[in-house]
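These notes concern the structure reproduced below.
Excluded from the calculations below are hydrogen atoms, water molecules and symmetry mates; all remaining heavy atoms, backbone and side chain alike, are included. In this text, all values refer to a predicted model and were calculated from it rather than measured experimentally.
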Amino acid sequence: MVGKLNNIYFIGLMGAGKTTIGRLIAKQLGMVFYDSDHEIERKTGVKIPLIFELEGVDGFRKRETAALEELCQLENIVMATGGGAVLLPENRELLKINGKIVYLRASVHDLWLRTRNDKSRPLLQGGNIKQKLEQLYIERDPIYAALADCIVDTGAQSANEITSYIEQLIKESSDKEEVK
């Protein structure tokens with residue numbers, strides 16, 4: 001593979017492990033890692049909850065699209081996207097044409113265990129966190145699954161085990177493309 005299709009993009013709900021696994025994969029493959037949410041915070045100088053508070057979801061989504069447009073122009077990167085990045089069709093198209101997409105899927109219970117004490121996630125503030133995660137899962141899982149080049153369930157296995165498995169999937173994918 002050459003060019004931007006060397007890029008690897010991680011999608012999935014908050015707490016699925018996109019940043020953790022993305023960093024490990026980038027290190028293993030000698031690629032540069034980006035987290036689209038961190039890039040938004042770096043550019044604006046404020047945390048995402050404040051963006052949500054001041055600009056609402058729509059304002060944040062505009063910033064997210066701008067960040068994705070910029071990051072998708074880079075080559076040989078691994079990127080963790082925000083959980084809702086795939087909600088806009090233009091974002092889905094950007095990801096699809098510029099790299100391989102890995103959906104890290106986790107059960108609602110696992111997501112709840114990983115995020116229940118995290119105050120930096122605006123969509124989980126106030127109310128029943130597990131119910132909110134269940135609703136987000138119901139809404140987004142079909143989108144993630146349809147967009148993904150591969151789906152990796154993150155459950156009891158360690159981050160290193162998941163990383164090794166994804167590396168193998170990427171290698172197999174690359175080998176198939178070279179044969180064509």
Side-chain angles (χ1 to χ4, degrees), residues 1-40 64 67-116 118 121 133-134 136-180:
M1 288 189 308
V2 295
K4 292 182 211 161
L5 289 180
N6 274 343
N7 293 346
I8 302 166
Y9 305 133
F10 285 94
I11 62 173
L13 283 171
M14 57 190 97
K18 300 179 301 285
T19 299
T20 300
I21 301 301
R23 277 195 176 109
L24 290 170
I25 286 285
K27 185 176 180 184
Q28 287 292 110
L29 299 178
M31 298 169 79
V32 179
F33 174 76
Y34 291 91
D35 179 305
S36 63
D37 284 349
H38 294 168
E39 289 301 303
I40 293 166
E64 185 172 56
L68 291 176
E69 286 171 348
E70 190 173 303
L71 291 167
C72 285
Q73 295 305 308
L74 302 175
E75 295 183 12
N76 207 36
I77 69 163
V78 174
M79 178 174 48
T81 65
V86 301
L87 296 177
L88 298 177
E90 57 265 40
N91 293 350
R92 292 193 296 269
E93 188 65 20
L94 270 171
L95 296 172
K96 196 71 175 169
I97 64 174
N98 288 300
K100 296 289 182 193
I101 301 170
V102 179
Y103 170 22
L104 293 182
R105 181 170 57 195
S107 72
V108 170
H109 181 72
D110 285 340
L111 295 169
W112 174 76
L113 288 173
R114 296 173 192 166
T115 61
R116 68 182 187 265
D118 190 340
R121 301 184 187 269
L133 286 167
E134 179 72 38
L136 289 170
Y137 187 90
I138 289 167
E139 291 168 5
R140 295 180 183 179
D141 178 66
I143 298 168
Y144 295 140
L147 187 60
D149 292 302
C150 63
I151 299 171
V152 177
D153 287 304
T154 65
Q157 60 276 53
S158 72
N160 287 331
E161 289 171 317
I162 295 166
T163 301
S164 295
Y165 178 69
I166 292 170
E167 278 184 86
Q168 187 61 38
L169 287 175
I170 291 166
K171 183 183 181 326
E172 289 170 8
S173 172
S174 296
D175 290 347
K176 286 179 187 170
E177 288 174 12
E178 288 174 17
V179 170
K180 286 182 183 175

Solution key, residues 11-21 side-chain donor-acceptor pairs under 3.5 Å, sequence neighbours excluded:
residue: Lys18; atom: NZ; partner: Gly12; partner atom: O; Å: 2.9
residue: Lys18; atom: NZ; partner: Leu13; partner atom: O; Å: 3.0
residue: Thr19; atom: OG1; partner: Asp35; partner atom: OD2; Å: 2.5

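- Residues satisfying the side-chain contact (heavy atoms from CB on, under 4.5 Å) test with Gln28, not counting sequence neighbours, are Thr163, Glu167.
- Listed by chain and residue number, Val86, Leu87, Arg92 satisfy the side-chain contact (heavy atoms from CB on, under 4.5 Å) test with Ile143 (two or more places apart in sequence, or in another chain).
- Inter-residue side-chain proximity for Thr81 and Leu95 is flagged as met; some heavy-atom pair is nearer than 4.5 Å.
- The side chain to side chain donor-acceptor pair (under 3.5 Å) check on Asp141 picks up Tyr103, with sequence neighbours excluded.
- Evaluation of the side-chain contact (heavy atoms from CB on, under 4.5 Å) rule for Asp153 yields Arg105 as partners, not counting sequence neighbours.
- In this view, Glu93 satisfies the side chain to side chain donor-acceptor pair (under 3.5 Å) rule with no residue, not counting sequence neighbours.
- Taking the side chain as every heavy atom from C-beta outward, Ile8 and Leu29 approach each other to under 4.5 Å.
- Leu104 is listed as a side-chain neighbour of Ile166, based on a closest heavy-atom distance under 4.5 Å.
- Counting non-hydrogen atoms of neighbouring residues, nucleotides and ligands closer than 6.0 angstrom, the OH atom of Tyr165 reaches no more than 12 such neighbours.
- For Gln168, the side-chain contact (heavy atoms from CB on, under 4.5 Å) test picks out Glu172, with sequence neighbours left out.
- The side-chain heavy atoms of Ile170 and Lys100, taken from C-beta on, include no pair separated by under 4.5 Å.
- Partners of Glu139 according to the salt bridge (charged side-chain N to carboxylate O under 4.0 Å, His left out) rule, which considers only residues two or more places apart in sequence or in another chain, do not exist here.
- Qualifying side chain to side chain donor-acceptor pair (under 3.5 Å) partners for Asp37, counting only residues two or more places apart in sequence or in other chains: none.
- Remark: His109 pairs with Trp112 by the ring-ring contact (aromatic ring centres under 6.0 Å, His included) rule, at least two apart or across chains.
- For the side chain to side chain donor-acceptor pair (under 3.5 Å) test, residues two or more places apart in sequence or in another chain that qualify with Ser107 are Asp110.
- When side chains are defined from C-beta on, Asn7 does not count as touching Cys72, because their heavy atoms never get closer than 4.5 Å.
- The list of ring pair (Phe, Tyr, Trp, His ring centres under 6.0 Å) pairs with a residue in residues 12-38, not counting sequence neighbours, is empty.
- The side-chain heavy atoms of Glu75 and Asn6, taken from C-beta on, include no pair separated by under 4.5 Å.
- Counting heavy atoms from C-beta on, the side chains of Ile25 and Met31 never come closer than 4.5 Å.
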